[in-house]
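Before I ask anything, let me first share the structure, which is written out below as C-alpha cells.
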Protein chains: 2
Amino acid sequence: MRKRATAKEVADAAGVSKWTVIRAFTEGASITEESKRRVMEAATALNYSPNLLARSLAKNLTHQIAVFVDDFANPQKLPFLETLTERLQAEGLVAMLININTNFDHVHALLNADQRQVDAVVLFGTAFRNETLNDSRLGRGAPPMFVLARDSQIEGVPAVVCDAERALREIVDHLHARGYRRPGFMSGASALSTALKRRQHFLEVWKEKGVDTVASLSAERYSAQAGVAAIRAYMESTAPADRIDVLMCENDILALGAMDTLRGTYGLRVPEDMAVVGFDNYELGGAFAYGLTTYEQPKDEMIDVIMAMITGRQPAETVTLSGKLIVRTST
Amino acid sequence: MRKRATAKEVADAAGVSKWTVIRAFTEGASITEESKRRVMEAATALNYSPNLLARSLAKNLTHQIAVFVDDFANPQKLPFLETLTERLQAEGLVAMLININTNFDHVHALLNADQRQVDAVVLFGTAFRNETLNDSRLGRGAPPMFVLARDSQIEGVPAVVCDAERALREIVDHLHARGYRRPGFMSGASALSTALKRRQHFLEVWKEKGVDTVASLSAERYSAQAGVAAIRAYMESTAPADRIDVLMCENDILALGAMDTLRGTYGLRVPEDMAVVGFDNYELGGAFAYGLTTYEQPKDEMIDVIMAMITGRQPAETVTLSGKLIVRTST
DNA sequence: AAGTTACTTGCTACCGGGTGCAAGCGAGTG
DNA sequence: CACTCGCTTGCACCCGGTAGCAAGTAACTT
C-alpha cells in the first residue's frame, strides 16, 4: 500500500510546525522566505503534496462538478464534454461523469453526488425531469444545479440553452423560401424531447406560414439506428403521394440515419425527393456523403456562460444564446 | 448555504451517541434492531446521509476512478464511456473524467488525481507516454493505473486491449482474398499511434504475403477532418497509376473522412477504384452511405476485465481479447 | 526605554466521519 | 449467587487538512 507524506511529516523534517507547512502551500499566507524554502525542500524530498480530500472536508468545497449525462448515442456529446472538462480543469475544477441512462435512478444519482459534496451539478442530458427534484428522498438539500443545452423545465434550476424559437424560425424560413410546403418532424424519445422545444417551435412557425399539418415521426432514442427505424415506419405507412417533402429531425444523428435510409432503402434522392434537416452540426453531417443542413449551437459561449454561473461570476439565471443556421446540400 | 445533517445531530435526535448512528449506517455492524430503527427514524426526519468525503478521508478509499481521455474527436469514445461509467456505478464507484488533450500536462493531471486520492486511474486515450511516469515530480507514488483499448507501453501498467495482431491478420487476409495488392495505411497522430500497433501488424502481415510496399498516409489527429486532409495530401502527391487499391485507416472516423473525400472530391468509386477499411465499428460506418468494412473491439468484455482488475477480482496483468471482422461493401 | 505596529508562528478547536478498546448489560451456567 | 460469555454502546484517538486567536519577535516611533 503506497502512502502519501503528510504535512506533519514534512514539518518534522523541516523542523517547523505542521501549520507552517500548510502556510508554505497556501497562496498569500504569512510566512518568511526562509521558512518557505526549508519547507519546500523537505516537501520535495518527501514528495509531499496537500491531500485535497482533507482540504475539501475542512473547506466544505470539493472543486468537483458532477456532470449528469444520458443520451450517449449522440456524438455531439463529445465536443461538449471535451470543452466542458477543459474549461473546468482550467479553473481547478474536475468533472465527475455520472451516467443517468435508463438503468439508473436519478434521485439516487443526485443523492450520491450530494453525499460526495460536489460543488455543483450540470445536467447535460435530455431525460432529467422536474419530478425527480421533488422526490421525498431528496429532502431539503441538493447541490446547485444547472442545465446545459436544453430547456430547464425544472423549478429554480437555470439553463444555458440555444434559442430554440429563433433557431426553428430560421430553419423554417429557409425551408419555406426553398419552396417546401409539406414538412415532417422526427423527434427522439418522446418523454425527453419536450425539453428541447424544437418540435413545438417547428409547428408554430409553419402555422404562421399557413401550413397546419406537420407529419409526426418519432424515434425511440437519439441514435442513427433509431432514426432508421423511424423513417422506415413512416415510409411503410405512407403512400408516395402523401409523403412529406422535407423532414426535420431533432438532431443530426437521427437525420443521418434517416437520410441514409431514404437513399439506401427507398432509393429517394435528397433533397430532390425529400429534403432533410438536422440540428447540432455534428462533424460528419458536413461530409460529402450527407451535406446535411443543420443548426449549430454556440457551444463555446454556452460553456462560457455555464462556467460563469458555476463559479458564481454570473447570477444563476437562464440564459438563451443564438446559434447559426448551416445550409448545405440536403435542402 | 445549505447544510447537511451530521451523525452527531442525528444522534442527539435519536438519544444515542454518534457512533451508534454510524453503526446504523454500516453494513453488518453490531447494533440492536431497536437502536437501528430509532436512528433511521431520526435520520429520515433530518434527511441525513453519511458524508462520503469524510468517509473517504477516514477509510483512505474514495471509490473514485479517474478516467484520462484525450482524443475526443473519436465518436467511439462515447459507447466506451457509457459502458464504463455504467459498470463503475454498478459497483458503487464513480468516474472522474480527466481531459488530457494537448492543452494539459499529464504529470499534473496524474498528481491532481493522486491528490484527490482516486482509487485507480484508467488511461483511455492514445497520448499518454511512458516518460510521463518517470517524471521527477511524480516521485514514488501514483495510484494504480490501467490502460484501456490500447497497448500499454508503460512499465508496470497493465492494459486491456483488443488483439491487434490477430485483428490485422484477419483484415489483411480478407483484403488479400479479395484481390487487393497495393495497400496503404493511414495513421493518426504519429506520436500516439504506435500504441495501437495497428500499422505495425498491417505491414507485417502484408510482408508475409509478399507485399513489401505499403503506402503511408498520416493524419494529424483522429477526426474526420484530419482524414480528409490526409487523403487529399496523398491524392495530390500521387499519380493515378501509382495509387493504392485499398486504404486501411487506423480508425473508423479517419476512414469515413477519407472515403467521403475519395468519392466527393475525386469522384472515385469505393470499393471499385479504392477500397477502404476502418477500425472500431462506429455506428455510422455501417450506414448505407458508407458500408465501411471494419473491426469491432469486444467493448463489453474489455470493460468486464478492466472492472475486475480495478476491483481486485483479477490480477493486474495485461489481457488481450479478440474482436470481430465486419465485412461490408467498402471492400 | 517604553510603546506601537506588522509580521511570524504555534496552538486549540474543528470539518464529519472511522477504528479498536473497554465498560455496560443481560442471559446462561455451575 | 458469582462467573463467564456475547452483544451493544460509548469513548479516546485518528484521517489530513483549515480557521482564527494569541504569543513571540523585530523594526519603527516618540
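Proteins get letters first, then strands, A, B, ... in listed order; numbering begins at 1 in each.
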Side chain of T32(A) (C-beta onward), nearest among dT8(C), dT19(C), dT18(D): dT8(C)
Of the nucleotides dC21(C), dG16(D), dA19(D), which one has an atom closest to the side chain of R23(B)? dC21(C)
Among dG17(C), dT9(C), dG17(D), the one nearest I31(A) by side-chain distance: dT9(C)
Atom-to-atom span, CZ of F25(A) to C1' of dT9(C) - whole angstrom: 17 Å
Please walk me through it: do R37(B) and E34(B) pass salt bridge (charged side-chain N to carboxylate O under 4.0 Å, His left out)? CA-CA 5 Å; R37(B) 194 187 53 70; E34(B) 169 62 9; 3.2 Å; yes
For E33(A), is there an ion pair with K36(A) - N to carboxylate O distance below 4.0 angstrom? no
In terms of the nearest nucleotide of DNA chain D, which residue is placed more toward the 5' end: L52(A) or W19(B)? W19(B)
What is the distance, to the nearest angstrom, from the NZ atom on K8(B) to the C1' atom on dG18(C)? 17 Å
Ion pair present between R87(B) and D304(B), side-chain N to carboxylate O less than 4.0 angstrom? yes
Mutual orientation of the aromatic rings belonging to H106(B) and F128(B) [parallel < 30°, tilted 30-60°, perpendicular > 60°]: parallel
Let's see if you can work this out: which of dT18(D), dG10(D), dT8(C) has an atom nearest to the side-chain heavy atoms of K18(A)? dT18(D)
Check whether any side-chain N or O of T6(A) sits under 4.0 Å from OP1 or OP2 of dG17(D), and answer yes or no. no
So, E82(A) and K77(B), do they make that salt bridge, N to O below 4.0 Å? no
The side chain of A54(A) is closest to which nucleotide in this list: dG17(C), dG10(C), dG16(D)? dG16(D)
Would one find a side-chain N or O of S35(A) under 4.0 angstrom from OP1 or OP2 of dT9(C)? yes
Establish, with yes or no, whether the OP1 or OP2 oxygen of dG17(D) is under 4.0 angstrom from a side-chain nitrogen or oxygen of S56(A). no
With a non-hydrogen cut-off below 4.0 angstrom, is Y48(B) in contact with a base, only sugar-phosphate, or nothing? sugar-phosphate
How many Å lie between CD on E33(B) and C1' on dC7(D), as a whole number? 14 Å
Nearest whole Å is fine: how far is dA26(D) P from E34(A) CD? 14 Å
Once you round it to whole Å, what is the distance between C1' of dA19(D) and CZ of R55(A)? 14 Å
dT9(C) C1' sits how many Å from K36(A) NZ, rounded? 16 Å
The side chain of S30(B) is closest to which nucleotide in this list: dT8(D), dG20(C), dG17(D)? dT8(D)
What is the distance from CG of L57(A) to P of dT18(D), rounded to the nearest Å? 11 Å
Distance check needed: dG16(C) P versus N60(A) CG, whole Å only. 7 Å
